[in-house]
Amino acid sequence: MALLALLFWAYALVFVKASPVNNGDESLARILNTFQIMDDKDVINAISQALKEASASNDTCGACVGRLAIGKSLSLVRPDLVPATFEKWCNDNKYASKATCATNYHRNTLDASTTGSNFADMLQLMDPYGYDGQLYCHYKDNAACPKPKTPNVTMSHLWPEKQAKHMLAPSSNGSETFNVLHVSDFHIELDYTVGAEVNCSTSMCCTPHSINTKSNVSMNTSLGWNSFYEGSHYDDSNFSFVRGTKLSNPFHNVSIPAPSFGHYECDAPELLINSSLNNVIEFAKNKSLDFKFAIFTGDLVDHDEYTYTDYEMTVKSEQYIMRDMKSRLGDLPVFPVLGNHDTFPYGELAQEGYGFSNKFQWNADMLAEIYQDYGWLDGKQAQYARHHYTGFSVTTKEDLKIISLNSNAFYKKNHYCYWNATDPDSFGQWKFLIDELVESEKHDQRVWIITHIPPISDSLPLPSKIFGEIVERFSPSTIAGIFFGHTHLDQFNLLYAKDSKSIDNVINMAWIGQAVTPWVENNPSWRYYEVDSKTFSIMNSYNYYSKLNETFANDGKEPEWLFEYSARDVYNVSWPSTAPLNATYWHLVAEKIKSDVSYRQLYENLAKRWSPYVPDCSKGKNCQTDYCFLSTFIVDDYDKCVAPLNK
Ligand SMILES: *[C@@H]1O[C@H](CO)[C@@H](O)[C@H](O)[C@H]1NC(C)=O
Ligand SMILES: *[C@@H]1O[C@H](CO)[C@@H](O)[C@H](O)[C@H]1NC(C)=O
Ligand SMILES: *[C@@H]1O[C@H](CO)[C@@H](O)[C@H](O)[C@H]1NC(C)=O
Ligand SMILES: *[C@@H]1O[C@H](CO)[C@@H](O)[C@H](O)[C@H]1NC(C)=O
Ligand SMILES: *[C@@H]1O[C@H](CO)[C@@H](O)[C@H](O)[C@H]1NC(C)=O
Ligand SMILES: *[C@@H]1O[C@H](CO)[C@@H](O)[C@H](O)[C@H]1NC(C)=O
Ligand SMILES: *[C@@H]1O[C@H](CO)[C@@H](O)[C@H](O)[C@H]1NC(C)=O
Ligand SMILES: *[C@@H]1O[C@H](CO)[C@@H](O)[C@H](O)[C@H]1NC(C)=O
Ligand SMILES: *[C@@H]1O[C@H](CO)[C@@H](O)[C@H](O)[C@H]1NC(C)=O
Ligand SMILES: *[C@@H]1O[C@H](CO)[C@@H](O)[C@H](O)[C@H]1NC(C)=O
Ligand SMILES: *[C@@H]1O[C@H](CO)[C@@H](O)[C@H](O)[C@H]1NC(C)=O
Ligand SMILES: *[C@@H]1O[C@H](CO)[C@@H](O)[C@H](O)[C@H]1NC(C)=O
């Protein structure tokens with residue numbers, strides 16, 4: 001056995017080093033011959049032994065790269081054996097917990113979010129010894145390698161030189177405005193169970209499988225909670241609230257039972273989602289807001305452990321939330337993006353044209369049909385979305401262009417981002433974005449960009465850098481707004497030219513929409529924008545929230561939703577009333593947050609919507625990375641900014 005492993009190891013090294021992405025040479029034939037005389041089981045054993053030997057290297061980076069090289073050789077001849085081989089190696093050597101070994105290496109199934117087949121796909125295409133391997137070993141294998149230097153690649157050949165007239169944003173000078181709704185991160189917890197454990201020892205609480213592993217727990221009666229109504233819902237025909245049946249104590253083995261409308265340690269029950277949407281239409285009616293359209297910046301599916309995240313739950317979550325939005329918002333067009341959770345298995349998305357995108361076509365087909373059926377996209381736009389990862393470009397009735405991108409194309413957990421990773425655009429999304437921007441610039445049309453993951457948060461460095469360059473090129477004249485979700489927090493990001501964060505260097509900014517889900521430890525919230533009807537610049541944002549803790553002991557009644565703040569007023573920045581809340585405005589806000597702990601605290605209060613879990617910025621290292629987050633737009637800049645703070 002050891003001999004076979006050694007033999008294979010030698011082949012793997014020679015073969016992969018000689019021809020990283022070629023699969024038709026002599027050594028391949030030799031490996032195939034070796035395999036033909038072996039049972040699958042022997043191959044799995046031999047190669048998992050080779051993985052063990054490669055891992056014995058004293059350097060974690062070399063060990064990781066060595067495993068990828070062996071895996072690549074195997075994937076070129078027997079991709080079907082990659083998952084079982086790596087899962088065996090992972091378990092035998094206790095490289096991770098059994099659950100994590102399964103998540104990372106077990107083959108794809110419908111029952112749980114396991115990504116071994118996607119890992120095998122990636123291996124077939126990647127170069128373990130180049131940037132791909134270093135990048136993977138840094139971001140997806142316990143930081144085994146240091147972060148590799150970001151390649152100096154640009155896409156600037158795709159756009160014409162910027163002209164002097166594009167250095168200025170069109171001026172609004174107090175013209176008319178209209179309103180746009182922004183909702184984000186619903187994360188429906190389909191198996192939310194009233195009375196289940198809130199204080200669970202696993203990651204997702206309030207489900208039937210959430211337990212507090214401390215034995216013999218009993219309900220903390222001093223909480224004084226009473227909102228334990230099962231079956232509470234909003235009537236489908238008139239949206240009126242119907243309170244369910246009160247559950248009676250005792251809750252067995254539960255220290256803190258889940259209340260009806262949700263809890264800070266859990267994702268959103270559909271009841272809370274419906275309540276938030278009802279509240280949106282109530283405020284819109286009472287204040288005559290007359291929204292022209294809505295943007296939704298992604299994440300429909302919850303954060304349950306991967307073992308419990310299955311295909312059916314993913315499909316249902318996507319369908320339920322789209323249905324709930326449609327039922328409440330009626331004819332209002334909704335322009336959505338998908339989040340990192342809105343795929344199966346979790347986080348994965350393959351490029352068109354390299355043999356694996358068919359694994360994800362069901363999702364794009366389903367959503368394109370929903371978008372078209374609900375009247376959000378027309379047939380042509382839906383057809384585009386179907387073949388471009390649900391992304392699209394739409395010109396609204398008001399003549400604003402909205403470009404929707406799927407951020408899994410630059411998500412650091414997506415396996416398909418780790419082959420040919422020096423190519424910043426293997427998905428073709430940046431080219432699409434650039435082409436649309438070039439076209440709009442020609443016509444002086446203004447553009448909003450919507451996507452889920454901010455390029456500094458969980459994105460890979462190279463595509464994040466390219467995103468920053470595109471925004472710089474088309475700001476401030478063409479790009480009038482950029483909108484993200486993902487962090488669940490109410491935040492923003494500033495993009496500066498060069499290294500200096502001075503008022504003269506600020507280029508553009510992005511709005512990060514806060515979540516409806518209370519996970520983790522935030523109050524549910526939504527916002528709308530007041531938008532200049534000529535320039536489509538944002539004149540103000542209005543934020544609404546609900547104090548979720550007030551529903552724990554209110555006998556199962558509905559949450560109360562409140563106006564939280566308007567962005568123009570809350571930070572006390574002196575700013576002309578006719579000027580939009582553009583990057584210069586937010587630069588002034590960021591400067592206050594940087595230099596004054598009371599503004600830092602205010603920012604944190606708003607970020608988490610005054611939940612009971614807001615950190616105290618006057619203590620320890622709390623809030624110290626806030627300014628870095630707000631004042632950067634791309635991964636490398638953020639990493640550079642926080643490096644001295646993390647020492
Ligand atoms: C790794 O091993 C080599 C020789 O086997 C040795 O020279 C080197 O110092 C070791 N490195 C570390 C970090 O232990
Ligand atoms: C990156 O490449 C450009 C030309 O494409 C060059 O002008 C620039 O100096 C390079 N930067 C670095 C840091 O190598
Ligand atoms: C703004 O509008 C006022 C009157 O409505 C006009 O006097 C002024 O010149 C305008 N300013 C710009 C910059 O267009
Ligand atoms: C949650 O459970 C842990 C034991 O698992 C206990 O130590 C802790 O006090 C509990 N928290 C609350 C708020 O009851
Ligand atoms: C409570 O948990 C303990 C230990 O996990 C278990 O032995 C016991 O059967 C559970 N009791 C109930 C009523 O579920
Ligand atoms: C379990 O809890 C019950 C009720 O609180 C208590 O009477 C009993 O002694 C506890 N058992 C253990 C083993 O802690
Ligand atoms: C029960 O809840 C009260 C109020 O939140 C808290 O002060 C106390 O520590 C909790 N007790 C336990 C055993 O967790
Ligand atoms: C939420 O609203 C949808 C659409 O009206 C309805 O079908 C669903 O039953 C509601 N669910 C709850 C829990 O209120
Ligand atoms: C809403 O509809 C339900 C079922 O049709 C009905 O029982 C209820 O009275 C209605 N509520 C209101 C406020 O109209
Ligand atoms: C890898 O990326 C480069 C651009 O960086 C591109 O020219 C090449 O075709 C890509 N390789 C494959 C296999 O797509
Ligand atoms: C923001 O608006 C102000 C006032 O209209 C203007 O002076 C400034 O240049 C704008 N900033 C940017 C980055 O466009
Ligand atoms: C809810 O949390 C807020 C923030 O910590 C607190 O001020 C408020 O008193 C809490 N309300 C209840 C009913 O516990």
Side-chain angles (χ1 to χ4, degrees), residues 180-188 293-301 314 317-322 324-326 329 332-344 346-349 360 363-372 374 376-377 381-382 384-396 400-411 413-414 417 427-430 432-433 436-437 447-459 463-464 467 470-471 479-489 491 493 510-517 526-527 529:
V180 172
L181 173 67
H182 184 178
V183 283
S184 202
D185 293 84
F186 285 109
H187 291 286
I188 186 170
F293 57 85
I295 54 175
F296 164 60
T297 44
D299 271 1
L300 306 153
V301 181
T314 306
S317 300
E318 293 180 355
Q319 292 184 350
Y320 280 23
I321 304 286
M322 295 300 173
D324 295 348
M325 283 199 283
K326 179 66 186 169
L329 303 176
L332 191 73
V334 177
F335 301 118
V337 303
L338 289 191
N340 50 312
H341 287 261
D342 310 330
T343 179
F344 187 81
Y346 167 83
E348 303 290 342
L349 181 72
F360 305 91
N363 203 25
D365 282 341
M366 179 177 87
L367 288 157
E369 266 168 43
I370 289 175
Y371 298 167
Q372 187 175 350
Y374 287 172
W376 300 343
L377 296 187
Q381 293 152 354
Y384 188 90
R386 199 170 270 125
H387 296 292
H388 295 83
Y389 328 107
T390 67
F392 54 83
S393 162
V394 162
T395 295
T396 69
L400 167 69
K401 183 184 277 184
I402 296 179
I403 301 173
S404 162
L405 304 173
N406 189 326
S407 55
N408 279 354
F410 47 89
Y411 184 36
K413 291 192 180 163
N414 179 8
C417 291
F427 286 82
Q429 262 201 148
W430 295 143
F432 166 61
L433 175 62
E436 289 287 340
L437 287 166
V447 174
W448 284 9
I449 299 169
I450 58 176
T451 192
H452 179 66
I453 300 178
I456 57 166
S457 168
D458 297 334
S459 300
S464 138
F467 196 179
I470 297 172
V471 171
I479 298 174
I482 305 170
F483 305 89
F484 305 132
H486 186 61
T487 66
H488 296 196
L489 301 174
Q491 294 173 306
N493 293 136
W511 300 79
I512 302 181
Q514 65 272 36
V516 170
T517 180
W526 59 273
R527 70 160 70 131
Y529 302 104

Considering all heavy atoms of both residues, which atom of Pro454 and which atom of Ser459 are nearest to each other, and what is their separation?
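The pair with the smallest heavy-atom distance is O-OG, 3.1 Å.
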Closest approach of Asp342 and Val301, non-hydrogen atoms and distance?
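That closest heavy-atom pairing would be OD1-N, 3.4 Å.
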Just checking Tyr384 against Phe432, ring centres under 6.0 Å apart?
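Centroid distance Tyr384-Phe432: below 6.0 Å, so yes.
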Starting at CD1 of Ile370, measure out to CG of Asp365 and round the result to the nearest 0.5 Å.
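Ile370 CD1 to Asp365 CG: 11.0 Å, rounded to 0.5 Å.
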Chi angles and distances behind the side-chain contact (heavy atoms from CB on, under 4.5 Å) call for Val183, Met325:
CA-CA 10 Å; Val183 283; Met325 283 199 283; 4.2 Å; yes
Any side-chain heavy atom of Leu329 sitting closer than 4.5 Å to one from Val334?
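Result yes, sub-4.5 Å side-chain heavy-atom pair found.
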Check whether any side-chain N or O of Lys413 sits under 3.5 Å from a backbone N or O of Gly347 as a donor-acceptor pair, and report yes or no.
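The answer is no, because no donor-acceptor pair under 3.5 Å joins these two groups.
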I need the Leu377 CG to Gln372 CD distance, nearest 0.5 Å.
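Going from CG on Leu377 over to CD on Gln372, the span is 8.0 Å.
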When you compare the side chain of Trp526 with that of Leu181, does any pair of heavy atoms fall below 4.5 Å?
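They are in contact (side-chain heavy atoms under 4.5 Å apart), so the answer is yes.
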Side chain to side chain donor-acceptor pair (under 3.5 Å) with Asp185: which residues, sequence neighbours excluded?
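Applying side chain to side chain donor-acceptor pair (under 3.5 Å) to Asp185 gives His187, His488.
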List the residues meeting side chain to side chain donor-acceptor pair (under 3.5 Å) with Asp324, not counting sequence neighbours, and say none if there are none.
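Partners of Asp324 by the side chain to side chain donor-acceptor pair (under 3.5 Å) criterion come out as none, since no residue qualifies.
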Output all residues satisfying side chain to side chain contact (heavy atoms under 4.5 Å, CB included) with Thr395, sequence neighbours left out; order by chain, then residue number.
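Checked Thr395 against side chain to side chain contact (heavy atoms under 4.5 Å, CB included); matches are Asp399, Lys401, Gln445.
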Are Ile512 and Asn493 packed together at the side-chain level, in the sense that at least one heavy-atom pair is separated by less than 4.5 angstrom?
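Yes. Closest side-chain heavy atoms under 4.5 Å.
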Please verify the inter-ring angle class for Trp511 with Tyr529; under 30° counts as parallel, over 60° as perpendicular, anything in between as tilted.
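Trp511 and Tyr529: perpendicular rings.
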For the residue pair His452 and His486, categorise the inter-ring angle as parallel (less than 30°), tilted (30 to 60°) or perpendicular (more than 60°).
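His452 and His486: perpendicular rings.
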Quick one, Phe293 and Ile402 - any side-chain contact, counting heavy atoms below 4.5 Å?
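Phe293 vs Ile402: side chains touch.
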Got a second to check how far Phe344's CZ is from Asn363's CG, nearest 0.5 Å?
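The CG atom of Asn363 is 11.0 Å from CZ of Phe344, to the nearest 0.5 Å.
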Thr314 vs Thr343 side-chain heavy atoms within contact, under 4.5 Å
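Counting from C-beta outward, Thr314 and Thr343 never come under 4.5 Å.
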For the residue pair Thr396 and Phe335, establish whether any side-chain heavy-atom pair is separated by less than 4.5 Å.
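Side chain of Thr396 against side chain of Phe335, heavy atoms only: contact under 4.5 Å found.
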Check Ala409 against Cys417 and note the closest heavy-atom contact, atom names and distance.
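Shortest heavy-atom separation between Ala409 and Cys417 comes out as O-SG, 3.4 Å.
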Looking at Ala385 and Ala364, what are the two nearest heavy atoms and their distance?
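Distance-wise, the nearest heavy atoms are O-CB, 4.2 Å.
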Is there side-chain contact between Leu367 and Met322, with at least one heavy-atom pair below 4.5 Å?
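SC-SC contact between Leu367 and Met322 confirmed.
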Could you tell me which non-hydrogen atom of Trp376 sits nearest to which non-hydrogen atom of Pro336, and how far apart they are?
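So the minimum-distance heavy-atom pair works out to CE3-CG, 4.1 Å.
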Can you give me the closest heavy-atom contact between Gln514 and Ser184, atom names plus distance?
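In this case the closest contact between Gln514 and Ser184 is O-CB, 3.7 Å.
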Minimum side-chain heavy-atom gap Tyr389-Asn408 below 4.5 Å
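They are not in contact (no side-chain heavy atoms under 4.5 Å apart), so the answer is no.
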Can you tell me how far apart CD1 (Ile403) and CG (Leu437) are? Round to the nearest 0.5 Å.
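It comes to 4.5 Å.
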Can you check whether Leu405's main-chain N or O pairs, donor with acceptor, with Gln429's side chain at less than 3.5 Å?
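No, because the side chain of Gln429 does not come within donor-acceptor range (under 3.5 Å) of the backbone of Leu405.
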Using the side chain to side chain donor-acceptor pair (under 3.5 Å) criterion, which residues pair with Thr451? Sequence neighbours excluded.
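Result, side chain to side chain donor-acceptor pair (under 3.5 Å) vs Thr451: none returned.
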Gap separating the CG atom of Leu349 from the CG atom of Asn414, nearest 0.5 angstrom
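If I round to the nearest 0.5 Å, the distance is 6.0 Å.
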Looking at Gln381, His388, Glu436, which hits side-chain hydrogen bond (donor to acceptor under 3.5 Å, both in side chains) with Ser393?
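Filter result, single survivor: Glu436.
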Arg386 CZ to Phe392 CZ distance, which is reported to the nearest 0.5 Å
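Going from CZ on Arg386 over to CZ on Phe392, the span is 13.5 Å.
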Ring geometry between Phe484 and Phe467 (parallel below 30°, tilted from 30 to 60°, perpendicular above 60°)
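Phe467 vs Phe484 ring planes: perpendicular.
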Using the side chain to side chain donor-acceptor pair (under 3.5 Å) criterion, which residues pair with Thr487? Sequence neighbours excluded.
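Per chain and number, Thr487 pairs via side chain to side chain donor-acceptor pair (under 3.5 Å) with Gln491.
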Asp299 side-chain N/O to Asn340 backbone N/O, donor-acceptor pair under 3.5 Å:
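Flag set: sc Asp299 to bb Asn340 pair under 3.5 Å.
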With Tyr346, which residues qualify under ring pair (Phe, Tyr, Trp, His ring centres under 6.0 Å), at least two apart?
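By the ring pair (Phe, Tyr, Trp, His ring centres under 6.0 Å) rule, Tyr346 matches Tyr306, His341.
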